[in-house]
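All ligand and atom numbering here is 1-based and tracks the order in the structure.
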Amino acid sequence: MTLPRLPLEDQVAIVTGASRGIGRAIALALSEAGARVVVNYQHNINGAAEVAGLISGRGGAALTHGADVCVPDEVQQMVDAAMNRWGRIDILVNNAGVTRDAPFARMQEQQWHDVIEIDLTSAFVCVQAVLPVLEQRRYGRIVNVSSLAGLAGNVGQVNYAAAKAGLIALTKNLARELAPRGITVNAVAPGYIETDMIEQVPDRQLQWALNAIPLGRFGSPEEVGSAVRFLTLPEASYITGHTLVVDGGWVMP
Ligand code: NAP
């Protein structure tokens, strides 16, 4: 008896910032659909190894790779490592991101530059490195992890909101430029998701958000992981330039 093929079988995905949180859930979701996954991390080598271990424990294939997504040479080495191991790349998920929150009047220039670099410029760097590989086979799925802040703004996050809005514009622009080459480019915009990132948000702000979310709870990393996975599946082949909001109905843009 032959088992049914998984939808992403044989495909190779790079997921940036996959050592924990949403990136970890994306890596696991893509692997469940059959993809071989490069689990990128910056500092958390143990977290990345755990994700790779979970994937291989379920019969999948994973490769951990430490790279700062803002540094072109490091990103190129990650792409080369994937090509050396598996000879192809089909999916890039630009997930790595940070916050450096402060009210606008007190925000330091360094906080601004760090977030623009890590949350926005990194996507430019990663797409530049992966694009020649995707173009060879005239196929690719790029998913950028933006944020509700990029659509609606958020007090204390002018740097983050600007970076995430930039990521949505980058998504639309690349969708237009890369469509003739068989590459779709989409974004997801999560609301508050239960990861390390929201531990820095003050309790009263979280409570205010909770009251405003129609579904009455924060999201899980897995709920973002399945939205990202959907955008990589054959079922999503006619969707490009889209931003899929995953926010429990909070903003309804
Ligand atoms: P998280 O738990 O803080 O994890 C961040 C991940 O990004 C880690 O794996 C970290 O790697 C990686 N990373 C940070 N800087 C990096 C760099 N320069 N190079 C490579 N990797 C780097 O965050 P999260 O909540 O999962 O967020 C993931 C994405 O979702 C981010 O883009 C975030 O903006 C977005 N998002 C999150 C929420 C939320 O409520 N949590 C809402 C909307 C959007 P190491 O740990 O190895 O250093």
Considering the heavy atoms of [X], write down every atom of ligand 1 situated less than 4.0 Å from one of them.
{"X": "Y41", "value": "47 (O)"}
{"X": "N40", "value": "20 (C), 21 (N)"}
{"X": "H43", "value": "45 (P), 47 (O), 48 (O)"}
{"X": "A67", "value": "19 (N), 20 (C)"}
{"X": "D119", "value": "34 (O)"}

Report yes or no: does Y160 have a heavy atom closer than 4.0 Å to ligand 1?
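Distance cut 4.0 Å: Y160 passes for ligand 1.
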Report yes or no: does a heavy atom of G219 sit under 4.0 Å from some atom of ligand 1?
no
As a check for students: among [options], identify the option with a heavy atom nearest to [atom].
{"atom": "atom 44 (C) of ligand 1", "options": "S146, A149, G66", "value": "S146"}
{"atom": "atom 9 (O) of ligand 1", "options": "S19, G191, G23", "value": "S19"}
{"atom": "atom 7 (O) of ligand 1", "options": "G97, A209, A48, G150", "value": "G97"}
{"atom": "atom 17 (C) of ligand 1", "options": "R24, Q42, E199", "value": "Q42"}

Charged N to carboxylate O below 4.0 Å: is that the case for E32 and R58?
yes
Any salt bridge between R137 and D90, counting N to O under 4.0 Å?
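Between D90 and R137 there is a salt bridge, with a charged N closer than 4.0 Å to a carboxylate O.
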shortest atom 41 (N) of ligand 1-to-protein heavy-atom contact is with T195 OG1, 3.0 Å
Check whether M83 and I14 end up in the same hydrophobic cluster, where Ile, Leu, Val, Met, Phe, Trp and Tyr are linked by side-chain heavy atoms less than 4.5 Å apart.
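Yes, one cluster joins them.
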Got N154 and Y160 here, is their nearest side-chain heavy-atom distance under 4.5 Å?
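Not touching, per the 4.5 Å side-chain cut-off.
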